[in-house]
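Hydrogens, waters and symmetry mates are skipped; everything else that's a heavy atom, side chains included, is used.
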Amino acid sequence: VQQYRGHVAGSRLTARLVIMFIVLAVTPVSVVYYFSLDFLQRGIDSWFDVRIERALGDSLDLSRAAFDVRLRELLRVTDHLATEIAQVSPAVAPLNLYDLRVRSGASELTLFGANGRIIASSSNDPTDLVPNRPASEILLQVKRGQSYVGLDPIGEHGLYVRAVVAVPAAGPAGETRILQALYRVPERLNKLAQSVQSAFGRYKELSYLRKPLKYSYTLTLSLVLLLSLLSAVWAAFFSARRLVAPIRDLAEGTRAVADGDYDKQLPVPGEDELGFLVRSFNDMTRRIGRARDQARRSQQQVEGQRAYLEAVLGSLSSGVMSISRDRKLRTVNDAASHVLGMDLRASLGGSLSQLSERHAYTAPFFDSVARHVRAEDPGWREEITLFGVRGRQVLMCRGAALPGDGVRGGGMVIVFDDVTALIQAQRDAAWGEVARRLAHEIKNPLTPIQLSAERLRHKYLKVLTPEDGEVLERATHTIVQQVEAMKEMVNAFTEYARAPQMHREPVDLNPLVLEVLDLYRGHAAGLQIESRLDPSGPCVEADAGRLRQLLHNLFKNAQEATSNRPDAKVVVGTQCVNELDTHYVELWVDDNGPGFPSQLFEQLFEPYVTTKPKGTGLGLAIVKKIVEEHGGVIEAHNLQPTGARVLIRLQMLPARAGAADSPTAA
């Protein structure tokens, strides 16, 4: 029990074997015990025949019944004698008693007075001078009106029937007398009755001793059974321990192997099956030990290669991560966490969908990676734009499939770089070079053309006829006007391509928006201007002049788009947005014009793309350039049923971002 409670190795098997052995031993012994006990009970009961006991009882009852009949008959005779002697006087009573005794066959008749004195007596034995007196209880019973009859032994004379009855009174004043009659029981009947009584008593004595005899034999048989059970239990324990000892050694050896001790060797108990099992275990531990040493050497080599790879990845400026084929993050370097602005090492083993949900601004990146992994693309390259904790980011991503098991791919490795500054620098350099060449190639000839046209008009306008002068005036005016338009276009393009001198400072968007809107209120008849500004005061770090130029371009485009509508309406709004770990400000301009043509959505923010007959196509391009200079993103889409929206997201100042998280701001 202690071993079982202590979970000692082999204790449960020992308990099962002991229980099995005990059951196997107890079952036949119990059956033998049951039948032996039943046989013993039946054997002892067979010694005492029930029929003899019943016959003895019946004979005893028969003799008692016969005696009862005889007693009732003698009592009736005695009552008759009492009736005959009722009128007899005490003087002649002895003679009458003699006659009545002889006639009735009684051995003795005695007449008693009310006070128990003897009035007269008659006996067949002349030597009996004093008649036998009844007990006082008998006399008292008769005086109460109840007769008495019974068997009474009288001295050495044997057994007699004593009948005592009351003698009726001779008159109202007569004395109440009592008559006693003794009838001798025949000697043969007396002996027979005594013999039956003695035999029945002896039989009862033997029958009473039958139960102790049964108990004695039952106790002896039970002790034999208990000895057998104890011997079986001892044999069960001894055999179970002998059988379980090798198994216990195997359990301890297995536990040692589980704890990492592969040098464990067990003693071989013999040449039987258990010995073969122990030898197999020893051989297994030796092989596991050799495999452990080889695995340890392989692990050391893998750790060395891993450390080498981590050193190489750690020195790279590009972000590197590997994704398993079930789209879970397996490895990542520090540059990847730095580029994405999040701790990717804490998310190792997580799925890409969990990462995109936890960091909403990275959703375009992880969704694109998951799409390529799902499609098992062998190699791909993509440019992805994010708007997160660092504002606008442009990532150049490259992916390659990892070798798998021949049936399914082994995942994918992704290398990505933040090329935001590089793209901006390349764009600024390209447009600057284009602007410089345009200014050199286009702007310089415009001044001589304009001066020549003005000189022609000034010299020949006075000498020509009015009709020719009107033609000349119209032609020269057109030339001058188009030259001015070309100058404005070149200046605008130069302004677009020139790298700006940014003067960043905290700017509250609401006052700036209201300032620009006030310039346009009442400028166009019928134009309804509405502002929906966030009352929490969205604040960004930006160049106020550049933002003002951005608002002018957006509002001018919205005004021109609604110029042909009698219910023209422009709505400008701001909103502070908090998405998990990203805080930014949204600025949008809505109009109810015709919207953007669907075929121009992809080139909407490129230079010289416009739907206006007199537009330069640089308005939205300049707006996008200003937004990108401030690290923001810009979107455009059509509204339903009509209208268009231009949405800009700029990074919020840290102080205002903390206020947006507070319960009051919420």
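- Using a 4.0 Å cut-off between a side-chain N of Lys or Arg and a carboxylate O of Asp or Glu, Arg371 and Glu382 qualify as a salt bridge.
- Listed by chain and number, the residues in a side chain to side chain contact (heavy atoms under 4.5 Å, CB included) with Ser318 are Val415, Asp417 (sequence neighbours excluded).
- A donor-acceptor contact shorter than 3.5 Å links the side chain of Ser356 to the backbone of Ser353.
- Comment: Asp283 engages Arg287 in a salt bridge, judged by a side-chain N to carboxylate O separation of less than 4.0 angstrom.
- For Gln146, the side chain to side chain contact (heavy atoms under 4.5 Å, CB included) partners are Gln141, not counting sequence neighbours.
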Practice task
Check the pair Asn132 / Arg162 against side chain to side chain donor-acceptor pair (under 3.5 Å), numbers first and verdict last.
Solution key: CA-CA 10 Å; Asn132 186 271; Arg162 185 190 302 271; 2.7 Å; yes
Exercise for the section: Apply side-chain contact (heavy atoms from CB on, under 4.5 Å) to Arg70 and Tyr183, showing your working. Expected result: CA-CA 10 Å; Arg70 179 65 177 168; Tyr183 301 95; 5.5 Å; no
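- You'll find the side chain of Cys576 reaches within 4.5 Å of the side chain of Met652, heavy atoms only.
- Comment: Arg345 engages Asp334 in a salt bridge, judged by a side-chain N to carboxylate O separation of less than 4.0 angstrom.
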Practice task
Evaluate the criterion side-chain contact (heavy atoms from CB on, under 4.5 Å) for residue pair Tyr33 and Asp38; output intermediate values, then yes/no.
Solution key: CA-CA 8 Å; Tyr33 173 78; Asp38 184 70; over 6 Å; no
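- Side-chain atoms of Thr27 do not come within 3.5 Å of backbone N or O of Leu24 as any donor-acceptor pair.
- A distance-only check finds a donor-acceptor pair linking the side chain of Gln393 to the backbone of Val339 [under 3.5 Å].
- Each of Ile178, Leu182, Leu179 was checked for a side-chain contact (heavy atoms from CB on, under 4.5 Å) with Val164, and the lone residue meeting it is Ile178.
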